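In what follows, every chain begins at residue 1, and chains take the letters A, B, ... in the order their sequences are listed. Because the structure is predicted, anything quoted here is derived from the model rather than measured.
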4 protein chains.
Amino acid sequence: MVRVKDETKRLAIVENTLDIVFEKGFAGVKMATLAKKIGISVSTLYVYYKNKEDLIISIATELIERETKRSSNSITADLPFKLKIKAIWVYWINFSINHSKEMNFITQVKKSPYYDKVPEAVRETKSRLGTDLFELGKKEGLIKNVSNEILESTMGAILLETVNLIIDKKLKLNKKDIDLMFSFAWDAIKS
Amino acid sequence: MVRVKDETKRLAIVENTLDIVFEKGFAGVKMATLAKKIGISVSTLYVYYKNKEDLIISIATELIERETKRSSNSITADLPFKLKIKAIWVYWINFSINHSKEMNFITQVKKSPYYDKVPEAVRETKSRLGTDLFELGKKEGLIKNVSNEILESTMGAILLETVNLIIDKKLKLNKKDIDLMFSFAWDAIKS
Amino acid sequence: MVRVKDETKRLAIVENTLDIVFEKGFAGVKMATLAKKIGISVSTLYVYYKNKEDLIISIATELIERETKRSSNSITADLPFKLKIKAIWVYWINFSINHSKEMNFITQVKKSPYYDKVPEAVRETKSRLGTDLFELGKKEGLIKNVSNEILESTMGAILLETVNLIIDKKLKLNKKDIDLMFSFAWDAIKS
Amino acid sequence: MVRVKDETKRLAIVENTLDIVFEKGFAGVKMATLAKKIGISVSTLYVYYKNKEDLIISIATELIERETKRSSNSITADLPFKLKIKAIWVYWINFSINHSKEMNFITQVKKSPYYDKVPEAVRETKSRLGTDLFELGKKEGLIKNVSNEILESTMGAILLETVNLIIDKKLKLNKKDIDLMFSFAWDAIKS
DNA sequence: CATGAATGAGCCTTCATTCAT
DNA sequence: TATGAATGAAGGCTCATTCAT
C-alpha cells in the first residue's frame, strides 16, 4: 500500500537526519549523503521536504510538539510535591537518555538560527517542564520564591548536565546516581 | 620591526573570528568574509594559519590556555571556604560576561569535532574551576562528598546558565541577582 | 462520453500554456507549474502530450494552422486593391490584439529552436498575409515590383510594430491611429 | 602582466557568451559550458561576474552603452536631410551585420526580464537613432508629423527586418538591395 | 610578508520524465 | 484515463585552498 510506504520513508528520513545531526551537527547534513544512507534518490528528499531548511525545521517542529505533549502528560501523578518533582526528574532523565538523538536535535536547533523559523505557536508551547508545578511548590513554601523561568533554567541545566555525565559514563543510570543528582537539583531550588 | 605589524594583524584575525563565531557559529566563518572584515587578502590568512582548521584550533588552544592560567590565578585569596568559592563564582561570572565571545568560542569548540584536535596537553589543563578547592571543602565537611568532576560539572552548568540568563536579560549583573544565583549553586553542592 | 471531458482538459492545457509563455516565455513553462495551474496531475499532461517539446510543437502547429486558415479566409472581400489590403491590415491588427497570447506564442516559436520541428507542411502554409494579393498589386502597378517575400516581411514588420505600440499604449486602437500606421505600411510598399 | 591577462579573459567571456546567446538564447548559456568553451574553470567565471544574471546584465550594459555612444557619433555628417538619414541607415545596416551577435544580444535582452535590471541610467540613454534628426526632418516638412517614438519604431522595425533578410540571404549587402530597403523606410516616413 | 587570480570539489536545488496502480 | 511517487540528469553557486608574483 502506498500510504505505509510513505510513512516508512518519511520516518527513515527523520531517523537518519537525527543520526547525522547527532554525529556531525547540522552542517554535516548533506542532502546527497542523507539520501544515500536511506537508500533513496536525492530528488526524493525534495518530494518530502521543500529544501534542507524545511527538512530541519519540520523535524524540529515535530519533535518539539511531541516533547511538549509528553512533558505535559508527565505531570499527572498525585504525589507530595517533592516526590512529584522527582518523578518528573527521573522521567526526563530516562527519556533524555533513551531519546538522546531527539533531545540532541532539539537542543541544537534551539541554539541555531533555524529556531527562529520554527512556527511561533510551536516555540511558545515548548518545554513546559512544569510552570504550574513550580507555582505550586512556591505556594507551599517549599522552593525558592523566584521566577519560574529561573527555576526552570536552573533545573534544566542540572538535568542536562546529568544526562551528559551519564552519556560520558561519569555517572550510571542507577538509583544511587540518579538520587544523588536529584539532590543537587532539589537542594538548589528548595527554600 | 616586522613583528609588531604581524602581531597586530594576528590579533585582528583572532578578534574577528571570535566575532563571527559568536554571531554565526563555525559554519559562518568563511575565509573570504573573514579576510574582508579585517581588510586583508584571503591569502594573507594562510600566511598566519595553515588552513581553516588550524585557524580555529590555534585560537581555541590559545584561549583555553589563557583561561586555564587565569582560573588557577583566581584561587589565591585567603578567605573562609564559602566566601572563597563565592569569590571565584563572582569572578567567573564577570569574566564570562566581559569575555563572552571568548567563552562562547571555547564552549562551541568543546562541542565540535575540532576539540579532538586541540593538543591533548591543553585539553587536560582546562577549566580547573577548583579541584583543589573542592577537595578542601569536602575535608571541612562543607560540601557533598562526591567526585570533584561532578561538583565541577554541576557548578559549571549553573554558572553557564546564569551567564546565559544575564545575556538574555532575564537576570541583571547586580549583587542581588548574582547572590541569588550563587545560592542555587551553593545549595546544590553544600552538604 | 469521455471525449467531452478530454477536449475540455486539452483546451485548458493549451490555454494555460499560452498564458505562461506570454508571461515568462518557453523557459517559464514548467510541467509541474502548468499542471498545478490547470488543476491536474503532472502525469496527466503526459497522457495528452508525449513530452514538453511535443506539447509546445503541437500547440504551435495547431495555432499556425488555424492562423493560416484564417488569413486565407480574410482575403475574400471584393474591393479596390488599396482598400482590400487595408481591410486585411485592419483585420490583422484587431486579430493580433484580441489574440495577443496566440500571436505571441507563434512569434516566439518562430524564433526558437522548436520551430525547426514544426511539420514542414505546416511551416510552408504559414502566414500568407497575401502572396496572391501582392501579385495582384504588382500587376496593377500599385506596389513596388519586388519579391513577395520582401513585401510581406516589410509589411509584417510594420504591422507587428504597430501591434507592439498599441500594447505598449503608445498608440490607440482607434481609426486615427490605425489609419496613421497603415499609411506607414502603404507608403512603404506603394510604387 | 596580470592586467593584460585579465582583460583578455574578460573579453573571452563576453565573446563566448555572445556566441552562445546568438545560437541558443539565454537559456543556452550554461556556466559550465561557457567556462569549458573559454578554457577556464567555472569558478573563474564567478571571479569576473557575481552570478549568471550579473554576467548577462553586465554584458548588456556594456553593449548598450557602447551602442548608444556609437549611435550619437554617427549623426555628425553635414548633408541634406534625406542623405543624412540614409547615411545613418547604411551605417546601422553595416554595423548590425558586422556586429550581428552584439545586436542580437541587445535585442534579446530588451525582450527579456533581464532588461528590467539593466541600470536605469543606461536604459534611458539607449538607441537614440535620431530624436534630433527626426525633429529636424519634421521642421523641414520632409517627414510625417508624428511622434519621434513612432517614427523611430517604424524605421527601427524596417531596419531590423532588412538585417534579418540579409542574414537569411533573402537580400544582399550591396548598393541595390540597401537602396531598395531604404526606399521602403523612407517612403514610410516621408510626408 | 602580502596578494590577486584561479580552481577543484562539493552542495543544494530544479525539472522533465517514468512507472506502477 | 488519471495520478502519486520516485528519480536521473543537469545546472548554479560556494568555498577552502594553491600558486606565481
Here the distance between atom C1' of E/dC15 and atom CG of C/L55, to the nearest Å, is 14 Å
D/Y46 has its side chain closest, among E/dT17, E/dA2, F/dC13, to F/dC13
In this structure, NZ of B/K36 is separated from CG of B/N16 (nearest 0.5 Å) by 13.5 Å
Given the options A/H99, A/E102, A/M103, A/E67 meets side-chain contact (heavy atoms from CB on, under 4.5 Å) only with A/M103
Walking DNA chain F from its 5' end, the first of D/T33 and B/V29 to be reached, judged by nearest nucleotide, is D/T33
On DNA chain E, more 5' by nearest nucleotide between D/T44 and C/A27 is D/T44
Whichever of A/I40 and B/E53 has the more 5' nearest nucleotide on DNA chain F, that residue is A/I40
- Output yes when at least one side-chain N/O atom of A/K9 is less than 4.0 Å from OP1 or OP2 of F/dA6, else no. yes
When rounded to whole Å, the CE to P distance for the pair C/M31 and F/dG8 reads 20 Å
Original post:
Tell me, do C/V109 and C/I106 make a side-chain contact under 4.5 Å, heavy atoms counted?
Top reply: no
- Query: Do D/E62 and D/R66 meet the salt-bridge criterion of a basic N to acidic O distance under 4.0 Å?
  - Reply: yes
Under 4.0 Å: is that the gap between some side-chain N or O of D/S41 and OP1 or OP2 of E/dG8?
yes
note: B/K30, atom NZ; F/dA16, atom C1'; distance rounded to Å ~ 11 Å
Here the distance between atom P of F/dG11 and atom NZ of D/K24, to the nearest Å, is 10 Å
Separation of E/dT13 atom P from D/K52 atom NZ, nearest Å, is 19 Å
Between CG of A/D54 and C1' of E/dC12 the distance, given in whole Å, is 14 Å
Taking OP1 and OP2 of E/dA2, is either one under 4.0 Å from a side-chain nitrogen or oxygen of B/Y48?
yes
note: D/N51, atom CG; F/dC13, atom P; distance rounded to Å ~ 5 Å
Flag for D/D54-D/S58: side-chain donor and acceptor within less than 3.5 Å:
yes
By the Watson-Crick or G-U definition, both distances under 3.5 Å, E/dA20 is matched with F/dT3
Please determine whether a side-chain nitrogen or oxygen atom of D/S43 lies at a distance below 4.0 Å from atom OP1 or OP2 of E/dG8.
no
Rounded to whole Å, CD1 of C/I38 lies from P of F/dT1 at a distance of 16 Å
